[in-house]
Amino acid sequence: MRKYSLIINFATNLFSTMVYQFKNIESKWRDYWKSHSTYKESEDSTKEKFYVLDMFPYPSGAGLHVGHPLGYIASDIFARYKKLNGFNVLHPMGYDSFGLPAEQYAIQTGQHPAVTTKINVERYRTQLDKLGFSFDWDREVRTSDSTYYKWTQWIFKKLYQSYYCLDKNKAKPINDLISIFEKQGNELVNACCDDDVFIFSALQWKAFSESEKQKMLLKYRLAFLSQTWVNWCPELGTVLANDEVKDGRSERGNYPVEQKRMRQWSLRITAYADRLLHDLDNLEWTDSIKEIQKNWIGKSVGASLHFSLEKNQETIEVFTTRPDTIFGVSFMVIAPEHSLVTKLTTQENQQLVSQYCKQASLKSERDRQSDVKNVSGVFTGSYAIHPFTNKKIPVWIADYVLASYGTGAVMAVPCGDQRDWDFANKFGLEIVNIFKDVDISEKANDDKSSIINNSDFLDDLSVKDALKRAIEEIETRGIGKKKINYRLRDAIFSRQRYWGEPFPIYYKDDIPYLLEEGKYVDLPPVDKYLPTEQGEPPLARAKKEDWNVFEGDRMEYNTMPGWAGSSWYFLRYMDANNPNELVSKEKSDYWGQVDLYIGGAEHAVGHLLYSRFWTKFLYDIDCISFQEPFKKMINQGMILGRSSFVYRINDTNTFVSFEKRKEHKTSRIHVDISLVDNDILDIEGFKNWRSDFKDADFILNDNNQYCCGFEVEKMSKSKYNVQTPDDLVETFGADTLRMYEMFLGPLEQFKPWDTKGINGVHNFLRKFWRLVHDEQNNFCVSEQDPDKKEWKVMHQTIKKITDDIDRYSFNTVVSALMICVNELAELKCNKSAIISDFAILLSPYAPHLSEEIWQLLGNKESITQAQWPVFNEQYLVEDNFTYPVSFNGKMRFTLELPTNLDKAQIEKTVLELDQTIKYLDGKEPKRIIVVPKKIVNIVC
RNA sequence: GCCCGAGUGGCGGAAUUGGUAGACGCGCUGGAUUCAAAAUCCAGUGAUAGCAAUAUCGUGCCGGUUCGAGCCCGGCCUCGGGUACCA
């Protein structure tokens, strides 16, 4: 008897797993797509194009976790949907494969970063392939391939060979500038350049030595070498861009960052500041990202003015957004790094000043920030002259003034600026009140609706009028002029690292020169990935014969930053294998802008700003025909992990269950989530997990179990809460995982990962399978024409799903599909016409299963070649509508009425009902609102 | 501090233009089937009161507009993100 039941048991189990054999189905279709090149796209001018792009990943050693595919699944659904709607869809994938982790690993192990990168890329590819994406892999790019980074160098060359003309407001060839210099010098040139450019004539230009000419041109080039204050990270041995520094520490690795003056390559992104700001308006991006970019660019309109000095020929130039408060100026403050510090410091103040400046330079950015409340400064001993009142005003040095913003000097208006007020208060400086009827004894007044007072020709004017008037007067008197200032700094473009793009640059007599046309540098081999003993970057280790090109005295030792390759990769996909051009004009004209870009919001000011900059530049030099890379962008929210914790009693090896943890002094320890099921710990597994837990003791709860605590936090290896897609694909299949990731909630939202609900989605796919199979698991559909009810279900679904995908509401589509199957199952409908439409609707989400059903329905071609069903209103026309009837806004009962009744008829019918009389309870209806096919509301 | 965004059952979430709040799924409860389980199917499931019909309350809090507010307006609270001496 026992034996017999075991056999039955085995048979039924076998049978139930046979129902929907996702493993076979998925591997079958993976092979089919590969062998049939189903996802290969070519340019087809007869079809409208659509470009769907994912932010390409950095292939890290940890592989993909469940958060990565979220965006890829959404973009894949959209790409498939667009294709079914007749678009020619470009949907590529590649790797941002230069970067620090591979190099850090290389330093530790000596293994070439190219080797680890290759292994990681292959792992990513295996994982991606299992998820059924419709990527056209023939277009794959890797930023670390020389066939790719050669074109990154090409763009750098173009930047080097260009300057920014402010008259035309675009980049132009540097040769044009040279001819202007030869004809008329630089006096009339209106171009973006370094601050320290002096005026020269054509004659002077011609008299310049070669080296002088090159140095001058560098001040105009869009890619230029200059001495600048940089964020130096000693731990990483490299400089970092502003967006790579967070709270005074490196974003990668979290190491301290200090300010250092170094000769570095920079890109003149500030030339594009205004266009980058202005063009944000036309982008379909979230307001928050646009806002972040706006703040980062930080445009402020004001005036620059010169203050002359009492005992010195020089002037101090300041930038102010409030020239209307000029009469409130009672002192000046310059940054400790300001070039006039030494000249202005008088003998008796010498010691204090140099001490203060030294202290300030030692303070890291972070210390300066945490010191905001602590006002500090020192007097130089010198005085400037107020341009209007001719009064003597003291010049101070303080680190609340930043060298890198504006001119590194401010005119202090203590009555109108809180920082100036604090400073004046601390050091007993004069506070002049220039606001009418405003008390400034407790704090400064920054109210823009104030009236100016005590200010000569500005008296009684509003701030707005005073601003205008002040600038006019400043300009007529030649003290200064209207000026627009940006917070945006030029982007430092060199890194003292190995694993990045080499520069197509060599040096002769310490002057940089570009390699001639067609020549590009391959990353040379080195013996170690560390700086040299002299502190030069790793590339200085390469011997002369290791370089594929070697010219001049030496090659450039720096490499490009991580964002170089990612600033233009979306263009290369269009023409990924073109050996002659970055991208052919024909192809870039066809594919154009990215129509939908999906990725994280963490690149708001890095990648997303630099890509916009490079796109504008490439547009200026006529390489492409559009100015913005990404038309519409969706930022997917992070999938957070659910960490589990055990509680160890301090100084023991005893662990106490969650419920009883407060009875002891414990510390919380992350435990691997694979050892926890429903918050219950697998004690044996835990003991074997780490050797130090082998002899652990446990205090269990009342159910004799060990219950873990939990918290929702970012997924990371160190928190043992990483969920890989691999296990889930193994247990439930890729189709289920795809649907489940979408079902979790709106794409943009942050959400905790929880596998509890996944079988709900899996059951839905099984239910659909059962709908078209009989009890022996034979495919079984009816060829009868569907009836009205069945068509109605179908067309409701078509409408809902089409609308939802169009508004990127990926999660609600899943429920619509579920509702549809539920209703079809209730109608016992397996009519092939209906199933056929349903398979198409399902296919963007569950491509493997849909292909299988599609084939079983007798189709010879892939379902990707099908046509999205067209919604037909007629199927939804109803004779009746069920009205909710409300009294004073409270719904009391429903009433089914023919849809052809007019308002008066509806009103009459409702009022005659017994139920209405009951709810009126003797009261007179004051008003009746009837909204046809919506609601009836009786006010009484 | 300033600038964005979000707060809805036990949980993830739905409600697209102001019109039946809680779709769909999970979980839970009961039932059918089964020797038993798995799977499947049926019913129930916001709170409170009631055998029930039903009633009252209910979308972070307070107030407003409206016949009608999760949605619009004003003022708060909480959480998440960005930014921080920017002159």
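Chain letters run A, B, ... following the sequence lines, proteins first and then strands; every chain starts at 1.
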- Item | Candidates A15(B), A21(B), G13(B) - which lies nearest the side chain of Met891(A) | A21(B)
- Could you walk me through whether Phe331(A) and Phe423(A) pass ring-ring contact (aromatic ring centres under 6.0 Å, His included), step by step? CA-CA 10 Å; Phe331(A) 60 101; Phe423(A) 195 83; 5.7 Å; yes
- Task: May I ask you to evaluate whether Arg927(A) reaches the phosphate of G68(B), defined as a side-chain N or O under 4.0 Å from OP1 or OP2?
- Result: no
- When you check the glycosidic angle of G9(B), does it come out syn, meaning within 90° of 0, or anti? syn
- Query: Can we say Asp803(A) and Lys800(A) salt-bridge, meaning some charged N sits less than 4.0 Å from an Asp/Glu carboxylate O?
  - Reply: no
- Counting Watson-Crick and G-U wobble pairs only, both distances under 3.5 Å, name the nucleotide matched with A14(B), or none. none
- Note on the structure: Whichever of Asn811(A) and Trp296(A) has the more 5' nearest nucleotide on RNA chain B, that residue is Asn811(A)
- Among Phe768(A), Phe732(A), Phe743(A), whose ring pair (Phe, Tyr, Trp, His ring centres under 6.0 Å) with His762(A) holds? Phe732(A)
- Message: Applying a 4.0 Å non-hydrogen cut-off, can you work out what Asn763(A) is touching in the nucleic acid: base, sugar-phosphate, or nothing?
- Response: sugar-phosphate
- Task: Please lay out, stage by stage, how Phe22(A) and Asp735(A) fare under the test side chain to side chain contact (heavy atoms under 4.5 Å, CB included).
- Result: CA-CA 8 Å; Phe22(A) 60 86; Asp735(A) 284 341; over 6 Å; no
- Message: Nearest whole Å is fine: how far is U8(B) C1' from Gln749(A) CD?
- Response: 12 Å
- Message: Using the side-chain heavy atoms of Met818(A), tell me which of these nucleotides is nearest: C41(B), G25(B), G19(B).
- Response: G25(B)
- Quick one: Phe768(A) CZ to C24(B) C1', roughly how many Å, whole number? 18 Å
- Query: For A55(B), does either OP1 or OP2 sit under 4.0 Å from a side-chain N or O belonging to Arg892(A)?
  - Reply: yes
- Considering just the side-chain nitrogens and oxygens of Asn759(A), establish if one lies under 4.0 Å of OP1 or OP2 belonging to G25(B). no
- Message: One thing to verify: whether Glu878(A) and Lys933(A) come together as a salt bridge, which I'm taking to mean a side-chain N less than 4.0 angstrom from a carboxylate O.
- Response: no
- Query: Centre of Phe871(A)'s six-membered ring, under 6.0 Å away, within 45 degrees of the axis: is that where NZ or CZ of Lys799(A) sits?
  - Reply: yes
- Message: With rounding to the closest Å, how many angstrom separate the P atoms on G10(B) and G46(B)?
- Response: 10 Å
- Between CD1 of Ile484(A) and P of A87(B) the distance, given in whole Å, is 14 Å
- Item | Candidates A14(B), C57(B), C85(B) - which lies nearest the side chain of Tyr400(A) | C85(B)
- Would you say Arg807(A) reaches U17(B)'s phosphate, i.e. side-chain N/O to OP1/OP2 under 4.0 Å? no
- From CD1 of Ile758(A) across to P of G27(B) the rounded distance in Å is 13 Å
- Rounded C1' spacing from A21(B) to G13(B) in Å: 13 Å
- Message: Counting only Watson-Crick pairs (N1-N3 plus N6-O4 or O6-N4) and G-U wobbles (N1-O2, O6-N3), all under 3.5 Å, who is the partner of U45(B)?
- Response: G27(B)
- Rounded to the nearest 0.5 Å, the OG1 atom of Thr407(A) sits from the NZ atom of Lys483(A) at a distance of 7.0 Å
- Note on the structure: Between Ile297(A) and Ala273(A) the two heavy atoms that sit nearest each other are CG2-O, 3.9 Å
- Message: Would you say Asn295(A) places a side-chain N or O within less than 4.0 Å of OP1 or OP2 belonging to A84(B)?
- Response: no
- Item | Whichever of Tyr919(A) and Gly889(A) has its nearest RNA chain B nucleotide further upstream toward 5' | Tyr919(A)
- Item | Assigned partner base of U59(B), Watson-Crick or wobble definition, under 3.5 Å | none
- Item | Distance in angstrom units between Gln915(A) CD and A53(B) P, rounded | 15 Å
- Rounded distance (Å) that lies between atom P of A6(B) and atom CZ of Phe750(A): 14 Å
- How far does the C1' atom of G74(B) sit from the matching atom of C67(B), given to the nearest Å? 23 Å
- Task: State the CG-CG distance between Asp420(A) and Leu429(A), to the nearest 0.5 angstrom.
- Result: 10.0 Å
- Message: Return the pairing partner of U33(B) with a 3.5 Å limit on both distances, Watson-Crick or G-U wobble; otherwise return none.
- Response: none
- Among C3(B), C67(B), A87(B), which nucleotide sits nearest the side chain of Asn937(A)? C67(B)
- Message: Counting the atoms with a prime plus P, OP1 and OP2 as sugar-phosphate, which does Asp754(A) contact under 4.0 Å by heavy atoms, base, sugar-phosphate, or nothing?
- Response: nothing
- Using the P atoms only, state how far A38(B) lies from U29(B), rounded to an integer number of Å. 13 Å
- Message: Does Ser288(A) reach a base, just sugar-phosphate, or nothing at all? Heavy atoms under 4.0 Å.
- Response: sugar-phosphate
- Distance, P atom - from U59(B) to U20(B), rounded to whole angstrom: 16 Å
- Strand partner of A52(B), provided both Watson-Crick or wobble distances fall under 3.5 Å: none
- Message: Once you apply a heavy-atom cut-off of 4.0 Å, does Lys800(A) come out as touching a base, just sugar-phosphate, or nothing?
- Response: base
- Task: Could you work out the separation of G63(B) and A69(B) based on their P atoms and round it to a whole Å?
- Result: 14 Å
- Item | Phosphate-side-chain proximity, Lys443(A) and G1(B), N/O vs OP1/OP2 below 4.0 Å | no
- Query: Using purine N1 to pyrimidine N3 plus N6-O4 or O6-N4 for Watson-Crick, or N1-O2 and O6-N3 for G-U wobble, both under 3.5 Å, which nucleotide pairs with G5(B)?
  - Reply: C79(B)
- For nucleotides G22(B) and G44(B), find the distance between their C1' atoms and express it as a whole number of Å. 16 Å
- Note on the structure: Correct closest heavy-atom pair for Leu402(A) and Ala335(A) would be C-CB, 4.0 Å
- Query: Can a side chain N or O of Arg487(A) be found less than 4.0 Å away from OP1 or OP2 on A84(B)?
  - Reply: yes
- Per the atom types in the model, does the base of U20(B) pair as donor or acceptor with the side chain of Lys934(A) at under 3.5 Å? no
- Considering only side-chain heavy atoms of Ile292(A), which listed nucleotide, G82(B), C24(B), A87(B), is closest? G82(B)
- Between U83(B) atom C1' and Gln293(A) atom CD, what is the distance in whole Å? 14 Å
- Item | Nearest to side-chain heavy atoms of Arg766(A), which nucleotide of A15(B), G19(B), U40(B) | U40(B)
- Task: Look at the side chain of Leu402(A) and decide which nucleotide, out of G19(B), A15(B), C86(B), has an atom nearest to it.
- Result: C86(B)
- Query: Is there a Watson-Crick or G-U wobble partner for A87(B) with both distances under 3.5 Å, and which nucleotide is it?
  - Reply: none
- Spacing of Lys290(A) atom NZ relative to C3(B) atom C1', expressed in whole Å: 16 Å
- Item | Span that lies between the P atom of G82(B) and that of C11(B), in whole angstrom | 27 Å
- Nucleotide paired to U65(B) in any strand shown, Watson-Crick or G-U, under 3.5 Å: none
- Kindly point out which of C41(B), C85(B), G13(B) is positioned nearest to the side chain of Arg419(A)? C85(B)
- Side chain of Lys756(A) only, please: which of A23(B), C67(B), C26(B) is the nearest? C26(B)
